[in-house]
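One structure is given below, encoded as C-alpha cells.
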Amino acid sequence: MKNSDVCAIFRQMAEIMEILGEDVYRIRAYQRAAQNIENLTEDIAAIAARGELTKIPGIGKELARKIEEILSTGTLQKYEELKKKVPPGLVELLQVPGVGPKTAKMLYEELGIESVAQLERLAREGRLKGLPGIQAKTEENILRGIGLLRSVQERRPLGLVLPMARHIVALLRERAPVSRVSLAGSIRRYRETVGDVDILAGSREPEAVMDVFIGLPVVAEVIAHGPTKSSIRTADGLQVDLRVVPEESYGAALCYFTGSKAHNIRVRELGVRRGLKINEYGVFRGEERIAGATEEEVLAAVGLPYIPPEMREDRGEIEAALEGRLPRVVDLGEIKGDCHVHSKYSDGSASLEEIAAKARRLGYEWVVVCDHSQSLKVAGGLDLAALAKKRAAIAAFNAKSRDVKLLCGAEVEIGMDGRLDYPDEVLAELDFVVAAIHTGLRQSREVQTRRLLSAINNPYVHAIAHPTGRLLGEREAYALDLEAIFKAAQATGTLLEINAYYKRLDLNDIHCRAAAEKGVKFAIGSDAHLLDQMDFLELGVGVARRGWLGPEQVINTLGYRELLVTLGRKGNSWLNK
DNA sequence: GCCGTTTTCGGCCCGACTGTTTTCAGTCG
C-alpha cells in the first residue's frame, strides 16, 4: 500500500459521507488526514512500523487505527460499508462543477440518478426543472458543467498556463484602472499543474476593472460577473478568476488568494487563538483592522515571518516558521547557469553561440551543453568522433567568450545492465556527465534501481537526469527504490537533477525534500531542445523552493570557477558534504 | 474525527456569487 492508496480511501470516504450528510467536521478530518498523508516525504508504512502515525498532524487514535487496518488488509471495513450505502456513480456526480453533495443526493432521491451519463440525458430532456431549487438556469448550468468535465477536466501543466496568465496580467496593467496586479493561487505557489488562473488586483474602481476584464480579447465566455469577483474562460477552456480589493487590503487578499487552502486555514486558526479574524480584507480585532496592506504585515499579526508562496502548503512551514527554523530557499536571481541544454550537435535546435547569447540574456555565467550519447540514435546521439568535434568547438568558443562559458556535457544512456554508453576514459574528459534512462522504462523496480545505482557509483557521473522518468499527464514514474537512490547519491556526491522541462519537473517537490533531508544536492536543468525552452529553468527553481532547498543545496548557484573546481572532485567535495 | 496559552468537552476559517428564493442555501475557492 502506498501513501496515495491510503489517501484515496480517505478522500472517497469523505465524499460518500458528504452525500450522506454526515457531520461536516468529521468529513473535514478525513480530508485533512488525506492531504497530510499525501504530503508526507516518507512511506507511511515505515511511520506505522515505528508506531508514530499519531505524530502526523490530523491523525488521531482512530485514524491511526484505520491506517493500520488499511496497511494490513489492503482496505477498511468502514470504507466497504460506506460504499454499500451509496451507488458508486453518485460520487461521480460530485465531479460536475455546480453539483455538490446536496444536489447529488437530491437528484438520486427524486429521479434515481446515479451516473453523469444519466444526469446528462435527463437534463437534455428537460426533466430536472421543477425539482427543489432547480429551474431552467440550473439545468443549463449542469449541462455546461458536464461538457466542461468532459473537455478540460485535467489540470494543465504550469509551464503551459504561465505565458497566458502573464499575458492577461499585462493586459490588465495596461488597460484597467489598477494600482497593482499579481498572479495568485497555485500559479504563484508554482504547483506543477494548474486548475485555473487566479489574479488579484488593487483598485478604487473595482467595477471598472471588472468591465475591462470581461471585455479582454482573450475572453471566450463569462462564467461569473460581480462587482469585485469575476470568472472568464479563454478559447482553449482555461478558467481565469479575477478578484479586486482596495489597496489597504492588498496584502491580506494576496495571502488569501495565494493559499493553499490548507495553509490559509492554519493561519486563520492562529488568528482565532489571538482573538483575531483574518479574511481577504485584513486582520481584524473586533471591528478594527490591524493589518492588511502587505503580506508581511498580515503574517506578522499572527506571529509568523514572511513565508515564500511556494512553501505555503501546510507541509510543516507554519510550525517551522513559529519555531524560527524556516529555511531560506533558493531564489531565481541566484541562478548562475543551466545544467542541461541540448544543442544542434544532437537533437537540439540551437548553436553554441545562440545558447550562450540566450544565457547572457538570462544573466547566467555558464551553461552545460548536454547532447545525447551514441546509442540514442533517434535523438541524434553523438558517436565518439562527433563528441570530440563538439569538445573542440566548445573549447574554441570559450577561448573567445569573455562572459558566458559553456561546459561540455553529455546526457549518457544507462543501458539495461547499468553500463554507460561511453567508456570511462571518454566520460573522464567531459566537464559534466548526466546519466539518464530513456529506454527500457518498464523494467522491474529492482532492475531500474540497479541501473541507476550503477550510474551513481560511476566516478565520472556528476548527475542523474530526470530520476523518476515521469511525464505529467502522460507517463507514471517508473518503479524505483528512491530511498536507496538518495542514500547512494549522498554517499558518492552524485547530484540529482531537477529537470525543469514543463512535462517532467522530475524530481518533484516532495521527492526533493526527502532527498535533501538525506543530504543530497541538486542540479537544475531546463533540458531545453529549443532556445526558448531555457526559460523553463524557472519552473525547476519553483520545484526547488517547494522542496525547501536553500542556495547551498543547488549547484546552479555556483559561479563558473567554483563550479569547475567542484565538478572535478566528485566524492570529495561540496557535493556530498 | 481531531485537538488543547479558553483543555478531555465543545469547539472546529471565511466570504463572494448564483439561482432560487422573499431572506437564503448551495457551491466554490
Side-chain angles (χ1 to χ4, degrees), chain A residues 10 13-14 17-19 21-36 53-67 78 93-107 128-142 144-145 148 184-187 189 194-200 206 210 222-232 239-245 249 252-253 255-284 302-303 314 322:
Chain A
F10 284 172
M13 289 175 75
M17 288 189 288
E18 276 196 308
I19 293 170
E22 290 194 14
D23 178 37
V24 292
Y25 295 109
R26 171 175 297 178
I27 293 167
R28 191 178 299 169
Y30 276 85
Q31 288 165 337
R32 187 164 137 69
Q35 205 212 331
N36 286 331
L53 286 172
T54 56
K55 287 194 177 169
I56 302 169
I59 307 289
K61 229 174 128 182
E62 186 52 34
L63 284 177
R65 192 199 63 70
K66 289 189 165 73
I67 292 168
K78 168 138 187 222
L93 292 188
L94 298 180
Q95 303 303 312
V96 179
V99 176
K102 297 287 191 304
T103 308
K105 187 176 184 207
M106 186 273 294
L107 290 169
L128 304 185
K129 280 192 284 284
L131 291 172
I134 295 188
Q135 292 303 326
K137 200 80 184 241
T138 305
E139 196 171 66
E140 278 173 36
N141 282 344
I142 287 176
R144 188 174 317 144
L148 192 64
S186 52
I187 289 193
R189 303 200 312 278
V194 172
D196 58 18
V197 176
D198 292 300
I199 301 175
L200 177 68
M210 286 306 160
V222 177
I223 303 166
H225 180 200
T228 64
K229 183 182 170 182
S230 297
S231 299
I232 61 99
Q239 183 174 329
V240 183
D241 299 339
L242 174 67
R243 188 66 188 268
V244 182
V245 296
S249 295
C255 281
Y256 185 90
F257 293 109
T258 297
S260 66
K261 190 175 168 181
H263 169 91
N264 283 350
I265 289 175
R266 296 293 310 281
V267 172
R268 288 195 288 261
E269 280 170 357
L270 288 179
V272 169
R273 276 189 235 160
R274 293 174 172 229
L276 303 173
K277 183 178 77 171
I278 302 176
N279 58 28
E280 59 264 57
Y281 300 108
V283 181
F284 297 87
V302 293
D314 190 23
L322 287 172

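Proteins come first, then strands; the chains are lettered A, B, ... in the order of their sequence lines, and each starts at number 1.
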Distance test, side-chain N/O of [X] to OP1/OP2 of [N], below 4.0 Å:
| X | N | answer |
| --- | --- | --- |
| K277(A) | dG15(B) | yes |
| N141(A) | dT18(B) | no |
| T138(A) | dT20(B) | yes |

The side chain of [X] is closest to which nucleotide in this list: [options]?
| X | options | result |
| --- | --- | --- |
| T103(A) | dG1(B), dG15(B), dG26(B) | dG26(B) |
| A29(A) | dT5(B), dC2(B), dA16(B) | dC2(B) |
| Y25(A) | dT27(B), dC12(B), dA16(B) | dC12(B) |
| E280(A) | dT27(B), dA16(B), dC2(B) | dA16(B) |
| P101(A) | dC2(B), dT20(B), dT27(B) | dT27(B) |
| K229(A) | dG1(B), dA16(B), dT18(B) | dA16(B) |
| R28(A) | dC12(B), dT20(B), dG29(B) | dC12(B) |

Touch class at under 4.0 angstrom, heavy-atom based, for [X] against every strand present:
| X | result |
| --- | --- |
| K261(A) | base |
| I278(A) | sugar-phosphate |
| I265(A) | base |
| S230(A) | nothing |
| R32(A) | nothing |
| K105(A) | nothing |

With a 4.0 Å cut-off on N to O distance, would you call [X] and [Y] a salt bridge?
| X | Y | result |
| --- | --- | --- |
| R65(A) | E62(A) | yes |
| R28(A) | D23(A) | no |
| E18(A) | K102(A) | no |

Pairwise [atom1] distance, [M] and [N] [rounded to whole Å]:
| N | M | atom1 | value |
| --- | --- | --- | --- |
| dT20(B) | dC24(B) | C1' | 9 Å |
| dT21(B) | dG26(B) | C1' | 12 Å |
| dC12(B) | dT5(B) | P | 16 Å |
| dG11(B) | dT18(B) | P | 34 Å |
| dT8(B) | dC14(B) | P | 23 Å |
| dT23(B) | dC17(B) | C1' | 16 Å |

Spacing between [X] atom [atom1] and [N] atom [atom2], to the nearest angstrom:
| X | N | atom1 | atom2 | value |
| --- | --- | --- | --- | --- |
| M106(A) | dA25(B) | CE | C1' | 12 Å |
| R273(A) | dC3(B) | CZ | P | 11 Å |
| E269(A) | dC12(B) | CD | C1' | 7 Å |
| Q135(A) | dT22(B) | CD | C1' | 15 Å |
| Q31(A) | dG1(B) | CD | P | 14 Å |
| D198(A) | dG15(B) | CG | P | 18 Å |
| L270(A) | dC14(B) | CG | P | 12 Å |
| Q95(A) | dT27(B) | CD | P | 14 Å |

DNA chain B: 5'-proximal contact among I223(A) and K102(A) (nearest heavy atom):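 Here I223(A) is the residue nearer the 5' end.
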Given DNA chain B, 5'-ward residue of the pair G60(A) and Y281(A), judged by closest heavy atom: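 Looking at the nearest nucleotide for each, G60(A) comes out on the 5' side.
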Return the [atom1] to [atom2] distance between [X] and [Y], rounded to the nearest 0.5 Å.
| X | Y | atom1 | atom2 | value |
| --- | --- | --- | --- | --- |
| M106(A) | L128(A) | CE | CG | 8.0 Å |
| D198(A) | L242(A) | CG | CG | 10.0 Å |
| I67(A) | F10(A) | CD1 | CZ | 4.5 Å |
| S186(A) | D196(A) | OG | CG | 6.5 Å |

Who pairs with dT8(B) - Watson-Crick or G-U, where each distance is under 3.5 Å: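 Base-paired to nothing in any strand shown.
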Heavy-atom donor-acceptor pair, Y256(A) side-chain to dG29(B) base, under 3.5 Å: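 Under the 3.5 Å cut-off, the side chain and the base do form a donor-acceptor pair.
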Q239(A) and D241(A): side chain donor to acceptor below 3.5 Å: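 There is such a pair (donor and acceptor under 3.5 Å, judged by atom type) between the side chains of Q239(A) and D241(A).
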